[in-house]
Amino acid sequence: MKNIKVIIITLVVLLLSFFSACIVKGYTKYYFDENINSKVTSEIRGIDEEIIKALRNADFMIVEKHYSDALLDTGYNFQGLFEYIAPTLENREVNIYKEVYAISTEEKKAQSVAVEDLADEEGLFITFSGYSKKMYISMYSFSDGKSETLLFIEHVNENNTWQVYRMTFGELSYFGMDAQGIYQKAQDLYEKGYEIAAAVYIPLYTSSVRPAEYIQYANESEMQSFFEELSDAVNKKYVFPMVLSQNSDVEIYGFDINVVSEGVIPTINYITKIEPIKKNSQYLQNEAYSIHEELKGIFEGFDESFDYFIYRAFTEHPSDPLKQYYSYSSIVEKAK
């Protein structure tokens, strides 16, 4: 199990020592993972199992009893949240990601802390709220082999009863790369001069850098500075929308990314003059290959960095959120 250290937020004290069982800071004790009292862990996991089952079934009402008044009083549409999350969790394997238990040793609420994972050079800060004398954070990852979604639950103990005080979801990783892995991948591409290939990873970084509202990577500012530098470099070197010379009827206006079983696939969005889109699939497929050949000479390292590419054609820029736009997507495979 990973070693962990604790810092007190209000004092901004960074403890440099590793520990394996428990640490006492001020009037609060902190226990981690397998070192937590098994009875407490069993009780929390029992509640969490009900919540996960309810999430998969999109049925909030069966676990409403476990929610604190403070959470219910927010007026949030929990049933809507459960219905939104359920398809994401379907057929996904669930694993315990991390557990932290805080106990106040005095007649006070446990102190607000951040737990830093020191398994690697940069840590992951997990923030308690300081709401109760006893608090328990449990995190679960749901994986489908392509991406991992993180379920973050903060429990508080009031009148000897455990209740859910906070619960959030977020993307944790893609193909085993968390925000730091994505940062390293983009950095490696950028150092080779492959700016566009590196920029393709920006959406993945943005969606995974805060896998839960109360989690933050210790080197987030460093990662953010890099991606801002990368964005500036791309904007200075290339002008979008981009009109091509060999494919003069085409206008490239942006990039997206798709995560599929084959891996990360960049999507090139462009405006075509081939109409109607619905009846000209072969022409659009040929156009996609022609565009790709030209872009290989414009974006250094683009073709080498991915195995597949999606070219999505529109007849006009899809700028109006209230309007329906038709598009056609062509898949281009890198030549072996």
Side-chain angles (χ1 to χ4, degrees), residues 1-2 32-34 36 38-101 117 124 126-129 135-158 161-179 181 203-204 206-215 257-264:
M1 185 58 64
K2 298 177 179 179
F32 305 88
D33 301 310
E34 71 272 11
I36 300 172
S38 60
K39 183 178 179 180
V40 175
T41 297
S42 178
E43 187 175 356
I44 293 293
R45 289 183 182 176
I47 295 172
D48 291 349
E49 285 176 8
E50 289 186 45
I51 291 173
I52 292 170
K53 182 179 179 180
L55 283 167
R56 291 192 187 276
N57 295 327
D59 188 356
F60 167 69
M61 297 304 295
I62 63 175
V63 293
E64 184 178 10
K65 62 184 178 182
H66 294 305
Y67 278 53
S68 66
D69 291 339
L71 186 57
L72 294 173
D73 288 345
T74 62
Y76 191 82
N77 180 13
F78 290 102
Q79 181 59 39
L81 173 65
F82 276 45
E83 292 174 359
Y84 175 77
I85 291 294
T88 303
L89 304 185
E90 187 176 0
N91 299 322
R92 286 194 174 212
E93 178 184 351
V94 59
N95 289 291
I96 296 170
Y97 182 71
K98 190 176 292 295
E99 295 168 300
V100 187
Y101 180 38
D117 179 348
L124 186 65
I126 308 164
T127 306
F128 276 88
S129 66
M135 297 184 293
Y136 196 113
I137 285 179
S138 51
M139 286 174 278
Y140 298 86
S141 64
F142 296 81
S143 175
D144 62 0
K146 297 179 296 184
S147 63
E148 277 186 294
T149 297
L150 185 73
L151 168 60
F152 177 102
I153 307 174
E154 181 174 357
H155 303 263
V156 296
N157 191 290
E158 293 295 314
T161 300
W162 285 105
Q163 296 180 315
V164 176
Y165 182 62
R166 287 191 176 96
M167 186 175 73
T168 61
F169 299 87
E171 294 304 316
L172 180 63
S173 68
Y174 298 92
F175 291 101
M177 292 189 299
D178 59 10
L204 296 188
T206 302
S207 66
S208 61
V209 68
R210 289 290 183 93
E213 184 179 350
Y214 309 99
I215 292 180
I257 192 166
N258 281 273
V259 178
V260 298
S261 56
E262 288 79 9
V264 172

> Would you call E171 and S147 a side-chain contact if the rule is heavy atoms closer than 4.5 Å?
Replying inline: yes
>> Under a 3.5 Å cutoff, is there a donor and acceptor pairing between the side chains of N95 and Y140?
In response: no
>> With a 3.5 Å distance limit and no angle check, can you tell me whether R56 reaches the backbone of A86 through a side-chain donor-acceptor pair?
In response: no
> Any idea which heavy atoms bring S138 and D48 closest together, and the distance?
Replying inline: OG-OD2, 2.8 Å
> What do the steps show when you test L150 against T168 for side-chain contact (heavy atoms from CB on, under 4.5 Å), and what is the final call?
Replying inline: CA-CA 8 Å; L150 185 73; T168 61; over 6 Å; no
>> Tell me if a side-chain donor or acceptor on D33 pairs with a main-chain N or O of E99 at a distance below 3.5 Å.
In response: yes
>> For residues 67-94, which residue pairs pass the salt bridge (charged side-chain N to carboxylate O under 4.0 Å, His left out) check, not counting sequence neighbours?
In response: R92-D144
> If you round to the nearest 0.5 Å, how far is CG of N258 from NZ of K146?
Replying inline: 10.0 Å
>> With a 3.5 Å distance limit and no angle check, can you tell me whether Q163 reaches the backbone of K65 through a side-chain donor-acceptor pair?
In response: no
> Taking atom CD1 of I215 and atom CZ of R210, what is their separation to the nearest 0.5 Å?
Replying inline: 10.0 Å
> Hey, does M167 have a side-chain heavy atom less than 4.5 Å from the side chain of F169?
Replying inline: yes
> In Å, rounded to the nearest 0.5 Å, how long is the span from CD1 of I137 to CD of E154?
Replying inline: 4.5 Å
>> Could you tell me if the side chain of I85 sits less than 4.5 Å from the side chain of L81, heavy atoms only?
In response: yes
> Can you check whether V264 reaches F175 side chain to side chain, under 4.5 Å on heavy atoms?
Replying inline: yes
>> Could you walk me through whether T149 and L172 satisfy the side-chain contact (heavy atoms from CB on, under 4.5 Å) test, starting with their C-alpha distance in whole Å, then the side-chain angles of each, then the deciding distance to 0.1 Å, before giving a yes or no?
In response: CA-CA 5 Å; T149 297; L172 180 63; over 6 Å; no
>> If the condition is ring pair (Phe, Tyr, Trp, His ring centres under 6.0 Å), which residues does Y214 pass it with, not counting sequence neighbours?
In response: F152
>> When you compare the side chain of H155 with that of Y165, does any pair of heavy atoms fall below 4.5 Å?
In response: no
>> Ignoring hydrogens, what is the shortest heavy-atom contact between I51 and F82? Give both atom names and the distance.
In response: O-CE2, 4.5 Å
> Closest approach of S208 and Y174, non-hydrogen atoms and distance?
Replying inline: CB-CE1, 4.2 Å
> So F78 and F60, would you call those rings parallel, tilted or perpendicular, with 30° and 60° as cut-offs?
Replying inline: parallel
> Do I36 and I44 come close enough that some side-chain heavy atom pair is under 4.5 Å?
Replying inline: no
> If you measure only the distance, is there a donor-acceptor pair under 3.5 Å linking the side chains of Y101 and T41?
Replying inline: no
> Would I153 and Y136 count as a side-chain contact (heavy atoms from CB on, under 4.5 Å) if you check the C-alpha gap in whole Å, the side-chain angles of each, and the deciding distance to 0.1 Å?
Replying inline: CA-CA 8 Å; I153 307 174; Y136 196 113; over 6 Å; no
> With side chains defined as the heavy atoms from C-beta onward, is the minimum distance between I52 and V94 less than 4.5 Å?
Replying inline: yes
> Closest heavy-atom contact between L204 and S207?
Replying inline: O-OG, 3.1 Å
> Is there a side-chain contact between I96 and M139 (heavy atoms, below 4.5 Å)?
Replying inline: no
> Between F142 and T88, does a side-chain contact (heavy atoms from CB on, under 4.5 Å) hold up when you go through it step by step?
Replying inline: CA-CA 9 Å; F142 296 81; T88 303; over 6 Å; no
>> With side chain to side chain donor-acceptor pair (under 3.5 Å) as the criterion, how do S173 and E148 come out once you've worked through the C-alpha distance, each side chain's angles and the decisive distance to 0.1 Å?
In response: CA-CA 5 Å; S173 68; E148 277 186 294; 2.7 Å; yes
